Amino acid sequence: MTSSEHGARREVVGAAIVDDLGRPSVLLSARRTEPSALAGGWEFPGGKVDPGEQHAEALRRELREELGVEVELGDLLVGPLDRGGWPLGDDFVIWVWWAAVTDGEPQPLEDHDALRWLAREDLYAVPWLPADLPIVRAAEERLRA
Ligand SMILES: Nc1nc2c([nH]c(=O)n2[C@H]2C[C@H](O)[C@@H](COP(=O)(O)OP(=O)(O)OP(=O)(O)O)O2)c(=O)[nH]1
């Protein structure tokens with residue numbers, strides 16, 4: 001039986017990529033290209049966890065595919081659901097880790113057509129996907145003024 005047959009949410013992982021894990025001042029946001037209902041919305045890069053995959057492994061795979069980077073993962077940006085997840089509507093749950101690039105320069109290779117580093121004062125200059133707003137607010141608290 002799959003987790004969806006239990007009525008569980010599909011698992012997604014995302015990264016709050018910053019310039020410096022210890023003293024973050026900018027956060028990387030990515031603009032989605034699909035599906036059409038979400039295209040143009042800005043989000044945390046990442047994606048669905050494959051069956052049998054560890055979360056950290058899934059996130060590293062997604063960031064390699066989507067942005068062409070390797071990362072160091074920091075703490076979980078803790079949300080209100082089980083094990084610190086955040087709800088994405090009724091169907092998905094996302095776990096978001098702080099992350100810093102260790103190799104490569106982020107490029108919108110797959111699933112995105114633009115990337116933007118946002119400082120605290122322009123964190124809301126892009127239209128985030130609605131479900132991401134509580135996560136962005138939590139990230140804002142950690143970003144340096
Ligand atoms: N990656 C990501 N997905 C998000 C965010 N906010 C949000 O509502 N979502 C939604 C969009 C999708 O319905 C779902 C994640 O799916 P995805 O399309 O990113 O996953 P994926 O890269 O594995 O895509 P696919 O292979 O299934 O096409 O969560 C976010 O910040 N990051």
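Whatever order the structure lists ligands and atoms in, that order sets their numbers, starting from 1. Just so it is clear, the values below take in all heavy atoms, side chains as well, and ignore hydrogens, waters and symmetry mates. Every value quoted in this text rests on a predicted model; they were computed, and no experiment measured them.
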Checklist entry - Will you find, in the side chains of S25 and D19, an N or O donor that is under 3.5 Å from an N or O acceptor? => result yes
Checklist entry - Is atom 26 (O) of ligand 1 in close reach of the protein, with a heavy atom under 4.0 Å away? => result no
Report yes if some heavy atom in the side chain of [X] is under 4.5 Å from a heavy atom in the side chain of [Y]; otherwise report no.
X: D91; Y: R10; value: no
X: R120; Y: R144; value: no
X: K48; Y: F92; value: yes

Checklist entry - Roughly how far, to the nearest 0.5 Å, is OH of Y124 from CG of L133? => result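 The CG atom of L133 sits 7.0 Å away from the OH atom of Y124.
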Item to check | Under-4.0 Å heavy-atom contact with ligand 1, by part of V96 that carries it | outcome: neither
Next on the checklist: One residue to check: I94. Relative to ligand 1, which of side chain, backbone, both or neither has a non-hydrogen atom less than 4.0 Å away?
Outcome noted: side chain
Next on the checklist: In this structure, does ligand 1 have an atom that sits under 4.0 Å from one of the heavy atoms of E34?
Outcome noted: no
Checklist entry - Does R10 have a heavy atom less than 4.0 Å from any atom of ligand 1? => result no
Item to check | Side-chain donor or acceptor of R31 paired with backbone N/O of V126 under 3.5 Å | outcome: no
Next on the checklist: Checking one residue: L81. Which other hydrophobic residues are in its cluster under the side-chain 4.5 Å linking rule?
Outcome noted: V13, I17, V26, L28, V49, L59, L63, L67, V69, V71, L73, L76, V78, V93, W95, W97, V101, L115, W117
Considering only non-hydrogen protein atoms, determine which one is nearest to [atom] and report residue, atom name and distance to 0.1 Å.
atom: atom 19 (O) of ligand 1; value: R32 NH1, 3.2 Å
atom: atom 8 (O) of ligand 1; value: L88 CD2, 3.5 Å
atom: atom 32 (N) of ligand 1; value: F44 O, 2.7 Å
atom: atom 4 (C) of ligand 1; value: E43 OE1, 3.4 Å
atom: atom 15 (C) of ligand 1; value: V12 CG2, 3.8 Å
atom: atom 16 (O) of ligand 1; value: K48 NZ, 3.6 Å

Item to check | Geometric N/O contact F92 with ligand 1, under 3.5 angstrom | outcome: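 No, no N or O pair falls under 3.5 Å.
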Item to check | Centroid-centroid under 6.0 Å between W128 and F44 rings | outcome: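 Yes, close enough.
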I'd like to check which ligand 1 atoms, numbered from 1 as shown, lie under 4.0 Å from a non-hydrogen atom of [X].
X: L38; result: 11 (C), 13 (O)
X: D111; result: 22 (O)
X: E66; result: 22 (O)
X: D132; result: 5 (C), 6 (N), 7 (C), 30 (C), 31 (O)

Checklist entry - Between E57 and R61, is the closest basic N to carboxylate O distance under 4.0 Å? => result no
Item to check | Partners passing side-chain hydrogen bond (donor to acceptor under 3.5 Å, both in side chains) against E70 (at least two apart in sequence or in another chain) | outcome: R64
